[in-house]
Amino acid sequence: MSAISPETFRTARTARAPLPLLRWLLALDAAVTLTNAAAYLALSGFLGRLLGVGAGLLLGAGAFLLLYGAGVGFLASRPVPPAPWVRAVVEGNLLWALAGAAVLAAGVLEPSAAGWVWIPLQAAVVAALAVAQHLALRAVLRTPGRS
């Protein structure tokens, strides 16, 4: 797949106001994701007891988040992130948020009181980031002068 396609920003000329906002939102997403990954990996036992979820679940989530956060950070570092990859981040974030709500609604987990606060809170933050990233991407794609 070519780096230059109709779905890819083509030149530095597109670096107007929406592009820096999009890159900042991606960087924020990466920082939050990598912070969670580090906490889940380093403190899985403690956090598992605190949240009322298994340490193994947190280790798996931490490993996934480490890879995901690194990928989002890489996108944020690009002068012009490819739109299809930004869309994949938005969709991944929405899926993560929905999964958090779904495991609680389905009774898959039996979290502690702290878990009942943390799981919906992190889902809401991730969903808000996804919406903000989606809106910023739309603004970038609508920027005049895009070739």
(message) Using every non-hydrogen atom in the two residues, find where Val90 and His134 come nearest and quote the distance to one decimal.
(response) CG2-N, 3.8 Å
(message) Quick check: closest heavy atoms across Ala136 and Pro18, and the distance to 0.1 Å?
(response) O-CB, 4.3 Å
(message) Checking side-chain polar atoms at under 3.5 Å, does Asn36 have a donor or acceptor matched by the opposite partner on Gln122?
(response) no
(message) Pair Val72, Thr33 - check side chain to side chain contact (heavy atoms under 4.5 Å, CB included), show working.
(response) CA-CA 9 Å; Val72 175; Thr33 301; 5.8 Å; no
(message) Same cluster or not: Leu21 versus Leu129, using hydrophobic residues (I, L, V, M, F, W, Y) connected whenever any side-chain heavy atoms lie under 4.5 Å apart?
(response) yes
(message) Quick check: closest heavy atoms across Ala97 and Ala127, and the distance to 0.1 Å?
(response) CB-CB, 3.9 Å
(message) Checking Val89 against Tyr68 for the side chain to side chain contact (heavy atoms under 4.5 Å, CB included) test, could you report, in this order, the C-alpha distance in whole Å, the side-chain angles of both residues, the deciding distance, and whether it holds?
(response) CA-CA 9 Å; Val89 168; Tyr68 186 80; 3.7 Å; yes
(request) Please tell me if the side chains of Leu137 and Gln133 come closer than 4.5 Å, counting only heavy atoms from C-beta onward. (result) no
(request) With the side chain counted from C-beta on, respond yes when Leu19 and Thr143 share a heavy-atom pair under 4.5 Å apart, and no when they do not. (result) no
(request) Give me the one residue out of Leu75, Leu141, Val140 that meets side-chain contact (heavy atoms from CB on, under 4.5 Å) with Leu22. (result) Val140
Distance-only donor-acceptor pairs under 3.5 Å for side chains of residues 57-67, two or more places apart:
none

(message) According to a hydrophobic-cluster definition based on side-chain heavy atoms being under 4.5 Å apart (Ile, Leu, Val, Met, Phe, Trp, Tyr only), do Leu95 and Val125 belong together?
(response) no
(message) Is there a path of hydrophobic side-chain contacts, each under 4.5 Å between heavy atoms, that joins Val103 and Val53?
(response) yes
(request) Output yes when a side-chain donor or acceptor of Arg49 lies under 3.5 Å from a complementary backbone atom of Gly45, and no otherwise. (result) yes
(message) So which atom in Pro111 and which in Leu104 form the shortest heavy-atom distance, rounded to 0.1 Å?
(response) CG-CD2, 3.6 Å
(request) Mind checking the CG-CG spacing from Leu51 to Leu109? Nearest 0.5 Å is all I need. (result) 10.0 Å
(request) Flag yes if Tyr40 and Trp116 sit in one hydrophobic cluster, no otherwise; membership is Ile, Leu, Val, Met, Phe, Trp, Tyr, and two members link when side-chain heavy atoms are under 4.5 Å apart. (result) yes
(request) Measure across Ala27 and Ala76 and return the closest heavy-atom pair with its distance rounded to 0.1 Å. (result) N-CB, 3.5 Å
(request) Go through the steps for Val126 and Asp29 under the test side chain to side chain contact (heavy atoms under 4.5 Å, CB included), then give the verdict. (result) CA-CA 8 Å; Val126 171; Asp29 188 351; over 6 Å; no
(message) With a 4.5 Å cut-off on side-chain heavy-atom distances among I, L, V, M, F, W and Y, is there a chain of contacts connecting Phe74 to Leu28?
(response) no
(message) So which atom in Gly69 and which in Ala30 form the shortest heavy-atom distance, rounded to 0.1 Å?
(response) O-CB, 3.6 Å
